[in-house]
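Notes follow once the structure below has been shown.
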Amino acid sequence: MKAILAVHGGAGKWAVDEKTYRDVKKVLEEALVEGFRVYRTGSSLDMITIAIEVLENSGIFNAGIGSTVDVSGSISMDAGLMYRNRAGAVVYAKYPKNPVKLARIVLEKTDHIIIAGDAADNLARKMGLEPHPGPLPRTLELYRNFMEKLRRGEKIESTFKKSLEMWLNIGDTVGAVAIDKDSVLAAGASTGGVFLKMPGRVGDSPIPGAGFYANECGAAVATGIGEYILLTHATLKIVEELCNNTLPGKAIEKILNVITSRFGSNTAGFIALDKLGRVAGLYNTRAMPWGYISEDGAVKILGI
Ligand code: ASP
């Protein structure tokens, strides 16, 4: 089997000026090249963990360093990974700089699938993971502007929507899928959640079958409004389609049509990879930067 790695930087509005385009493309390429470096000796789990770590560290996307804040101005992050019938995830983690590393610890070193909140943070400390430095200045500025509008008595509903749009223009959740030389598939996601979420809110990204799913037929990851992705078990549905030999593009299209008809457009995007190495990315938002790399070394960036 030829190894393949695919990543995405989130479905959203993405104001694609020249600089954003260059920055996003550069980081996606770096994540693909770094993750794929290990394809001869490493597993698909290694590839996606490394790629997601690069995306988390970039500060460009809503994950790791670039994570958004909730309505109280705090960061809380979700991440999950799936590989060889095992999954590991962390929800509502505030301590680690790289939630994907903590998700991998849960997958490999515990008997559980999801570890939450303070306990997740304690585990991260115990395992010697690097601490998160706190929200980026750009994120705090966005938050302060929002709060200022609230103080001026602007209607929460309309302000919330505008702020959400503002956020969606800047950056989004990250995810990766891969197949390795032994034909084993893996999927993973990492996010700061949605801007101005309620404290305690957990989205789709750390939930197997919602934000990510992988088995022997294929792998899929999601991005968008987590509540809708949770309600539709979207990545499980996509991978089930792959088990019926549906092409990845068609499998995504099916669930995306359901999500669009139930919840409207500008709500979700997915990448999917099947056991034959066929890969697709589709979204009902304006953009979803994504790309892939395979053994011929060519890197393709699409969706932006
Ligand atoms: N799906 C993520 C969440 O709802 C957000 C995103 O993809 O941007 O937490």
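Counting starts at 1 for both ligands and their atoms, in listed order. Since the structure is predicted, the reported quantities are computational estimates derived from the model, not experimental observations.
- Remark: K19 engages D23 in a side-chain hydrogen bond (donor to acceptor under 3.5 Å, both in side chains) (not counting sequence neighbours).
- Distances below 4.0 Å separate heavy atoms of S205 from the following atoms of ligand 1: 1 (N), 2 (C).
- Residue D204 has at least one nitrogen or oxygen atom sitting less than 3.5 Å from a nitrogen or oxygen atom of ligand 1, judged on distance alone.
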- Derivation of the ring pair (Phe, Tyr, Trp, His ring centres under 6.0 Å) call for F146 and Y143: CA-CA 5 Å; F146 171 79; Y143 174 72; 7.2 Å; no

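- Residue contact annotation: G193 has a non-hydrogen atom under 4.0 Å from ligand 1.
- Both the sub-6.0 Å distance and the 45° axial angle are not jointly satisfied by R262 relative to the ring of Y228.
- Taking 4.0 Å as the cut-off between side-chain N and carboxylate O, R144 and E141 do not count as a salt-bridged pair.
- The T223 neighbourhood of ligand 1 comprises atoms 6 (C), 7 (O), 8 (O), with distances under 4.0 Å to a heavy atom of that residue.
- Checked by distance only, ligand 1 and G226 come closer than 3.5 Å through their nitrogen or oxygen atoms.
- Looking at heavy atoms from C-beta onward, V33 lies out of side-chain contact with V54 at the 4.5 angstrom threshold.
- When non-hydrogen atoms are compared, ligand 1 lies under 4.0 Å from neither the backbone nor the side chain of A11.
- Residue contacts with ligand 1: D78 is placed with no nitrogen or oxygen under 3.5 Å of a nitrogen or oxygen of the ligand (distance criterion only).
- Atoms of ligand 1 found under 4.0 Å from any heavy atom of D172 (numbered from 1 in listed order, with element): 6 (C), 7 (O), 8 (O).
- Within the 3.5 Å criterion, the main-chain N or O of G59 finds a donor-acceptor partner in the side chain of R138.
- Here the shortest heavy-atom distance to atom 4 (O) of ligand 1, taken over R201, K197, H8, M77, belongs to R201.
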